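This report concerns only the one structure given below.
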Amino acid sequence: MKRTWLTLITVVLLFVTALSGCKGGKKEEETTQTSTTQTTITETTSKAETQSQEETTEKQPVYGGEITVGIQQDIDSLDPHKAVAAGTKEILFNVYEGLVKPDENGNLVPAIAEDVVISEDGCEYTFPIREGIQFHDGSTVTAEDVVYSLKRVAGLLDETDPSVVVDSAFSHVTEISAEDNVVKIVLSAANTELLGYLTCAIIPAGNTTCDKTPIGTGPYKVASYQALEKVVLSKNTNYWGEEPYLDTVTFKIVADSDTATTQLLAGSIDVYAYLTYDQAAELEGKFRIEEGSMGLVQGIFLNNESKLFSDERVRQAINYAVDRQGVLDMIANGKGAVIATDMFPSFGTYYNDETEEVYPHDPAKAIELLKQAGYPNGISFEMIVPSGYEYHINTAQVIIDQLKEANINVKMQKVDDSSWLKDVYQDRNYEASLYGLAAKVVVPSRVLSRYASTASNNFINYKNAEYDEILAKAIASIDDHEKQELYKQLEAMLTEDAASVYLQDPALLVAVNPELEGYKFYPIFVQDVASLHYMQ
Amino acid sequence: MKYVAKKILVLFGTLVVLSFLVFVAFQAVKGDAALSQLGDNATKEQVEALREELGLNDFILVRYGRWLSGAVRGDFGNSSNYSMTVKELMRDKITVTVQLAMISLGLILLIGLPIGIASSGIRSTAGDIAAGVFNQIVMAIPPFFLGIFITWLCGLVLAWFTPGGYVSLSENFKEGIHFLFFPALAIAIPKAFMLIKFIRDSMAGQKSMGYVRTARSKGNSHGRVLYKHMLKNALIPVITFFAMIVAEVFAGSIVIEQVFGVPGIGRLLVVSIANRDFNVILAIVLYIAVIVLTANAVVDVLYHILDPRVSLE
């Protein structure tokens with residue numbers, strides 16, 4: 001017995017010696033090393049000291065310094081025209097710019113273009129190119145580069161690369177040309193919303209290997225990229241616009257938000273978005289928690305051609321049976337915006353807020369509607385949820401519970417993203433799926449054209465001839481007021497027809513190192529690091 | 001010589017059969033690289049065009065033939081998810097995993113061997129039970145829990161390292177080793193205890209053998225019998241067991257790499273499966289197969305050295 005104890009003690013001792021050996025090493029290193037995190041921590045403490053010493057003096061933004069931002073997934077491509085994942089666009093926003101770029105309020109402001117002129121009939125766009133903008137490699141941006149980039153996105157180059165995501169918004173473009181320093185785009189039909197797509201990145205003409213040689217015009221350039229590890233951005237000292245503050249920004253891939261919380265607490269990352277409410281509460285006090293919106297329409301998407309959901313009454317019944325505010329209260333402490341149509345509240349004048357009142361929480365009415373539809377004993381169906389998103393899974397669990405009250409039994413089936421794309425998006429072989437559709441450009445028609453009867457991304461199988469007609473009219477309209485009214489009408493139709501069960505635009509909780517100022521939110525989620533700065 | 005040639009032949013044969021099986025098995029998996037690359041807004045035509053470009057539309061045997069003819073020349077194709085060749089991508093990640101594996105193995109041996117051997121001489125019923133229970137508990141700890149626990153204790157509470165502070169060894173050797181020590185510890189602890197248990201059991205098995213009695217009767221001391229006679233014999237099965245550990249550790253610990261943010265093979269495998277990056281998945285499966293087969297071959301040779309009666313043929 002005694003000897004066994006000896007053995008145990010040996011084990012423990014070995015363990016401790018191994019660890020403490022390392023501890024000694026660490027102490028030594030702390031004085032010598034200059035890694036990102038360590039520098040940040042040192043700066044933090046020194047600043048805290050300065051703060052306590054001279055509390056009366058006003059703090060000023062300072063240039064310089066470096067930060068690490070935690071990101072959820074690896075980027076899918078450094079080529080801005082190939083990148084699809086929202087998590088990639090989030091970062092590339094700092095590297096590439098378009099003719100125009102969005103500001104915090106969702107307005108499009110000229111970037112590489114000095115000005116935007118749209119002809120009265122909405123068929124011709126002209127852009128004088130801003131003088132003296134340089135790419136990251138030092139070459140000057142010419143009209144030729146702009147034409148090349150736009151043609152690449154529009155699929156109009158002689159040699160096309162199928163990995164480049166050609167946006168159907170460009171299908172009416174008949175000509176892209178340049179004269180002197182002015183770029184002209186001609187459309188076969190009026191579309192004033194094309195401007196929203198002209199946020200697409202401008203790259204040097206002929207740079208087909210953008211994913212290996214990313215060259216843009218943004219405030220930061222890509223210094224290095226290690227797959228599965230990190231993307232390091234360094235300040236573009238020749239930036240034409242407002243000078244960015246930080247010298248180096250590292251976007252580091254963190255496996256999940258629990259790991260991120262640990263790393264925030266340990267000081268190895270300074271900024272992390274996509275926290276759950278509980279994690280944010282845990283960090284409160286040590287980090288500044290900023291709240292924005294995810295720019296996501298989360299909903300239970302219903303296959304309108306499945307046997308069960310081809311009946312409008314059944315779809316409406318589910319709309320009545322869910323308690324939207326209840327979902328928010330349960331999983332996000334009430335944060336987030338309740339919606340009942342496919343549009344983002346952050347799109348402002350294009351958003352129809354009346355739709356929110358159409359379906360109050362009313363399980364009795366749901367049961368009644370189901371009875372009318374021939375289901376006196378209630379219904380049951382399978383709901384597909386992408387397994388990688390904790391927020392969706394949590395929502396699904398609350399929803400499943402709520403629906404039971406109206407005799408609706410739901411079985412959740414978790415699948416990975418690729419299976420979701422195959423079963424739900426491509427084959428449309430599903431009944432219901434809880435999912436989030438992200439806003440990738442601030443263009444309402446991009447969202448609403450998904451519901452056109454023949455749209456290839458209409459995985460909901462919503463078909464309504466009247467809707468198609470109004471949609472075409474809205475896109476062609478060149479009067480902004482009329483456009484807004486038509487869009488609101490479309491949004492109301494989606495609600496009344498109960499195309500699906502739209503739930504919310506979830507709140508986005510971002511932890512920011514309290515030493516940093518200037519974190520901005522945009523209507524589409526991007527991590528604009530150019531405005532982030534330390535104070536002194 | 002003949003032995004080596006035979007082993008190499010078996011290795012290649014196994015790899016060919018295995019790669020074909022993986023090809024067939026992957027047919028049953030939903031979704032493909034084209035779809036996952038283009039996302040939830042692509043048109044059917046775009047997906048189709050990319051599928052054509054990636055060669056996903058060809059008949060399976062055609063694709064396999066194409067892959068095999070490249071592979072024998074050392075070309076494992078391109079990753080569909082990363083704009084890199086599979087070789088480039090794997091080289092980086094294997095380096096990381098191998099580094100982590102070496103440190104882990106070092107720790108396993110450092111903890112497991114001395115304790116295993118020392119404690120195998122100590123036998124008492126109560127002690128055996130206590131050690132057994134403790135051992136079972138340590139072995140039963142799930143790796144993710146141990147990983148999170150070590151991160152919390154050593155990283156947050158004791159601040160011996162910075163969670164998520166991975167740096168590659170080529171960038172900063174000292175700091176890199178310092179960081180990797182902790183994930184390695186998480187990998188090593190359960191395995192080291194398995195090793196201890198295995199050594200003890202194996203030694204116990206030798207106790208009743210005739211040669212032990214003979215050695216004792218010749219007047220050898222307890223320690224001498226234990227460490228001179230029994231150990232050598234007892235280590236033979238331990239080597240097989242250790243080879244299994246080696247193979248497992250080199251294959252990359254998916255969970256530990258995820259928890260500590262180590263960009264190795266394990267994490268690459270997870271990401272590649274999610275993106276249906278088939279060439280990479282195939283390459284990782286083959287890498288693991290090579291490790292397992294090589295470890296087994298090395299075991300055969302070691303057997304032969306330790307006990308010349310074991311023939312290599």
Side-chain angles (χ1 to χ4, degrees), chain A residues 1 3-4 6-8 10-11 14-15 18-19 22-23 25-26 29 33 35 37 70 74 76-79 82 84-85 162-163 165-166 168 209 211-212 226-229 252-256 259 262-263 265-269 388 415-423 425-426 437 440 456-457, chain B residues 30-32 35-47 49-50 52-53 81-84 89 92-93 107 110-111 115 118-119 122 124 126-127 130-131 134 151-152 154-156 158 160-167 172 174-175 178 181 185 258-259 261 263 267-268 271 274-276:
Chain A
M1 190 66 198
R3 280 177 175 171
T4 321
L6 263 176
T7 322
L8 289 181
T10 325
V11 177
L14 251 171
F15 185 67
L19 291 179
C22 228
K23 190 185 181 184
K26 168 82 178 179
E29 276 166 47
Q33 70 186 348
S35 84
T37 30
D74 204 348
D76 56 350
S77 178
L78 284 171
D79 185 330
K82 292 183 183 174
V84 174
S163 306
V165 184
V166 174
S168 50
T209 55
D211 34 24
K212 284 197 174 137
Q226 269 114 37
L228 287 176
E229 241 181 277
K252 200 175 82 176
I253 298 139
V254 181
D256 54 59
T259 316
T262 316
Q263 299 195 2
L265 289 171
S268 57
I269 52 181
V415 299
D416 72 353
D417 278 5
S418 293
S419 309
W420 187 92
L421 285 166
K422 169 79 176 153
D423 282 348
Y425 181 73
Q426 183 183 269
L437 291 170
K440 286 180 184 146
S456 95
N457 56 357
Chain B
K30 281 176 182 168
D32 61 35
L35 205 52
S36 66
Q37 234 180 78
L38 294 173
D40 64 10
N41 225 339
T43 64
K44 284 202 173 67
E45 295 72 34
Q46 284 166 7
V47 176
L50 185 57
E52 197 61 45
E53 168 89 4
N81 191 35
Y82 297 100
S83 36
M84 274 186 240
L89 189 61
D92 288 2
K93 304 307 159 203
L107 286 173
L110 221 61
I111 303 172
I115 300 179
S119 71
I122 309 162
S124 70
F134 179 72
T151 310
W152 172 77
C154 304
L156 290 184
L158 301 168
W160 287 343
F161 79 110
T162 315
Y166 172 82
V167 261
N172 184 335
K174 212 173 140 196
E175 229 176 280
H178 175 197
F181 176 81
L185 192 65
Q258 198 87 352
V259 170
R267 250 176 111 187
L268 181 64
V271 172
N275 291 308
R276 306 293 187 257

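Note that the coordinates shown come from a computational prediction; the quantities given were computed from them, not determined experimentally. Quick note on labels: first sequence line is chain A, next is B, and so on, each numbered from 1. Below, all heavy atoms of this structure are taken into account, side chains as well, without hydrogens, waters or symmetry copies.
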Handout entry: Contacting moiety of B:Leu35, where chain A heavy atoms sit under 4.5 Å
Key = both

Exercise for the section: Go through A:Asp423, A:Val254, A:Leu437, A:Asp256 and name the one with the most non-hydrogen pairs under 4.5 angstrom from chain B. Expected result: A:Asp423

Handout entry: Verdict with reasoning, B:Lys93 to A:Leu228, per side chain to side chain contact (heavy atoms under 4.5 Å, CB included)
Key = CA-CA 9 Å; B:Lys93 304 307 159 203; A:Leu228 287 176; 4.0 Å; yes

Problem - Side chain to side chain, A:Asp416 and B:Arg276, heavy atoms closer than 4.5 Å - result: yes

Handout entry: Side chains of A:Val415 and B:Lys30 in contact at under 4.5 Å (non-hydrogen atoms)
Key = no

Practice task
Among B:Pro263, B:Gly155, B:Gly261, single out the residue with the greatest number of heavy-atom pairs under 4.5 Å to chain A.
Solution key: B:Pro263

Problem - Proximal component of B:Asn275, with respect to chain A [non-hydrogen, under 4.5 Å] - result: backbone

Exercise for the section: For B:Tyr82, check side chain to side chain donor-acceptor pair (under 3.5 Å) against everything at least two apart and list the hits. Expected result: A:Asp74

Exercise for the section: Quick one: list whatever passes side chain to side chain contact (heavy atoms under 4.5 Å, CB included) with A:Ser456, sequence neighbours left out. Expected result: B:Thr43

Practice task
Please look at B:Val259 and chain A and tell me whether the side chain, the backbone, both or neither of the residue comes under 4.5 angstrom of a heavy atom of that chain.
Solution key: backbone

Completion exercise
One option among A:Thr262, A:Thr209, A:Val165 has the most heavy-atom pairs under 4.5 Å with chain B, and it is A:Thr262

Exercise for the section: Under 4.5 Å heavy-atom distance to chain B, tell me which part of A:Leu78 shows up: side chain, backbone, both or neither. Expected result: neither

Exercise for the section: Please flag which part of B:Ala49 lies under 4.5 Å from any non-hydrogen atom of chain A: side chain, backbone, both or neither. Expected result: both

Problem - Under 4.5 Å from a heavy atom of chain B, the part of A:Ser419 involved - result: both

Problem - A:Leu421 and B:Asp40, any side-chain heavy atoms less than 4.5 Å apart - result: yes

Handout entry: chain B interface, residue from A:Pro162, A:Gly70, A:Ser77 that has the most non-hydrogen pairs under 4.5 Å
Key = A:Pro162

Practice task
Would you check if A:Ser163 and B:Gln37 make a side-chain contact, meaning some heavy-atom pair closer than 4.5 Å?
Solution key: yes

